[in-house]
2 protein chains.
Amino acid sequence: MTDTRQKILDTAERLFGEFGYSDTSLRHIISEAGVNLAAIHYHFGSKQDLLDQVIMRKAGPINENRLKFLDHFETEAAPQPAPVEKIIEAFLTPLLAIEKNPEFVKLMGRVHAEGLMPEIASRNFQPMIARFISALHRALPDLPAKELAWRAHFALGAMAHAMTLRPEVDLEAAREAPSMIVRMLIAFISGGFCAPIVMDKETEVNP
Amino acid sequence: MTDTRQKILDTAERLFGEFGYSDTSLRHIISEAGVNLAAIHYHFGSKQDLLDQVIMRKAGPINENRLKFLDHFETEAAPQPAPVEKIIEAFLTPLLAIEKNPEFVKLMGRVHAEGLMPEIASRNFQPMIARFISALHRALPDLPAKELAWRAHFALGAMAHAMTLRPEVDLEAAREAPSMIVRMLIAFISGGFCAPIVMDKETEVNP
DNA sequence: GTCTATACTGAGATAGAC
DNA sequence: GTCTATCTCAGTATAGAC
């Protein structure tokens with residue numbers, strides 16, 4: 001029976017999102033899911049592995065959508081490369097379309113904020129990330145590959161931080177107009193990618 | 001005697017930076033500092049409060065330097081407002097001048113990555129942050145205050161993420177040329193702040 | 001194969017003697 | 001101020017019932 005497994009995954013996703021990873025005990029999860037403590041370790045091995053599987057269950061479809069959007073924008077712009085703003089939009093929209101999955105965005109924000117984005121997830125995301133990097137490389141042919149990599153790193157940080165809605169920045173408005181935040185984030189990150197080049201061209205290494 | 005207190009602070013700073021907050025037990029700290037477990041709770045109250053004080057001890061001078069740099073750039077540009085790049089540079093350089101305090105940067109990166117930037121620290125940073133926000137407001141008079149606040153939020157995320165050096169982006173080069181990373185980060189964040197405006201002007205609220 | 005009951009180790013916190 | 005002893009709760013491991 002996979003019913004127990006399912007209940008654990010659903011409850012864990014909800015509680016991890018609500019209270020964060022480290023502030024959610026396994027005993028809390030089992031009490032709400034109505035299962036036994038050892039069942040978690042039987043099905044998932046450890047608390048960390050449970051988190052991995054909670055994330056992976058939802059991340060697959062999101063990453064597929066990201067690539068679909070990217071393909072769409074690239075064919076739309078062909079034979080020109082897709083513009084930077086569209087590439088960023090393709091990356092952000094499938095995750096941050098908050099009306100569809102607010103629970104999961106909250107969870108991902110928490111996971112990022114707690115520095116838990118696990119190696120397993122990181123590995124599974126790698127092919128998708130590589131696709132976006134090469135799209136950006138075509139859109140910004142003069143930007144050295146290394147500086148592009150660093151800017152992608154900065155951009156991920158901005159995105160992760162944006163997902164953890166902080167009270168300083170008008171939480172109420174955020175709830176009213178999530179799409180506004182996404183648009184502002186797209187503008188900010190695109191501006192960052194299009195900034196003047198700092199690094200010497202010579203340092204470049206082709207992918 | 002404040003010797004015990006001092007030894008605890010020094011050891012905690014080193015171990016928190018090396019292993020992270022949650023992976024550093026109080027028992028590890030006391031064994032290296034040569035003090036008793038209860039001494040930590042006597043002097044600091046809790047593990048979280050210990051972290052707060054470790055951060056606050058070093059953050060004060062850094063924030064003073066930030067304001068000094070900002071003043072310098074503003075008088076230099078007067079009567080024009082200081083340019084965005086200089087404002088960002090004034091904010092980042094005092095912390096990220098890695099040659100001077102690599103231990104503390106590592107700690108701050110860890111703290112950010114673990115989502116622990118405590119409310120106490122956040123409160124103590126508030127006046128300094130407000131100074132920078134108003135400087136940015138003068139440099140970007142057309143940008144609505146709310147969008148400026150969000151962009152500052154995004155920028156902090158990029159900075160925090162940049163402090164957690166990840167292996168994906170050429171760790172070796174990072175160690176050789178930390179100032180290069182700072183310059184790239186300044187360019188990225190400045191580009192983000194100077195991006196086209198998204199939000200309606202009407203939503204603005206004056207500080 | 002699936003699940004329950006229970007025990008083990010190590011964490012942060014606290015009370016009270018000195 | 002400091003130390004010992006102890007408490008509660010966490011994640012984990014295992015033995016054995018169905």
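Numbers restart at 1 for each chain; the letters A, B, ... are given by sequence-line order, proteins then strands. Worth knowing before you read on, the calculation uses all heavy atoms, side chains too, and leaves out hydrogens, waters and symmetry mates.
Among residues at least two apart or in separate chains, salt bridge (Lys or Arg N to Asp or Glu O under 4.0 Å) pairs with a member in residues 51-61 of chain A are Asp10(A)-Arg57(A), Glu13(A)-Arg57(A), Glu13(A)-Lys58(A). Residue pairs meeting the salt bridge (Lys or Arg N to Asp or Glu O under 4.0 Å) criterion with at least one member in residues 19-32 of chain A, sequence neighbours excluded, are Arg14(A)-Glu32(A). Residue pairs meeting the salt bridge (Lys or Arg N to Asp or Glu O under 4.0 Å) criterion with at least one member in residues 122-136 of chain B, sequence neighbours excluded: Asp71(B)-Arg131(B), Glu74(B)-Arg131(B).
Under the rule for a side chain to side chain contact (heavy atoms under 4.5 Å, CB included), the partners of His41(B) that lie at least two apart in sequence or sit in another chain are Leu26(B). Checked against side chain to side chain contact (heavy atoms under 4.5 Å, CB included), Ala139(B) has the following partners two or more places apart in sequence or in another chain: Val84(B), Ile87(B). Partners of Asn36(A) by side-chain hydrogen bond (donor to acceptor under 3.5 Å, both in side chains), not counting sequence neighbours: none found. Contacts of Glu89(B) classified as side chain to side chain contact (heavy atoms under 4.5 Å, CB included), with partners at least two apart in sequence or in another chain: Phe73(B), Lys86(B), Thr93(B), Ile186(B). Here Ser134(B) pairs with nothing under the side-chain hydrogen bond (donor to acceptor under 3.5 Å, both in side chains) rule; sequence neighbours left out.
Within residues 44-51 of chain A, the residues that have a heavy atom under 4.0 Å from DNA chain D are, in order of number, Ser46(A), Lys47(A). The stretch residues 17-25 of chain B comes close to DNA chain C through Thr24(B), Ser25(B), each having a heavy atom under 4.0 Å from the strand. Of the residues in residues 29-42 of chain B, Asn36(B), Ala38(B), Tyr42(B) come within less than 4.0 Å of DNA chain D through at least one heavy atom, sorted by number.
For Thr4(A) and dT2(C), the shortest distance from a side-chain N or O to OP1 or OP2 is not below 4.0 Å. Between dC9(D) and His28(A), no contact under 4.0 Å exists linking OP1 or OP2 to a side-chain N or O.
Summary of helix geometry: the two end axes of the helix from dG1(C)-dC18(D) to dC18(C)-dG1(D), each defined by five base pairs via their C1' atoms, are inclined to each other by 10° (rounded to 10°).
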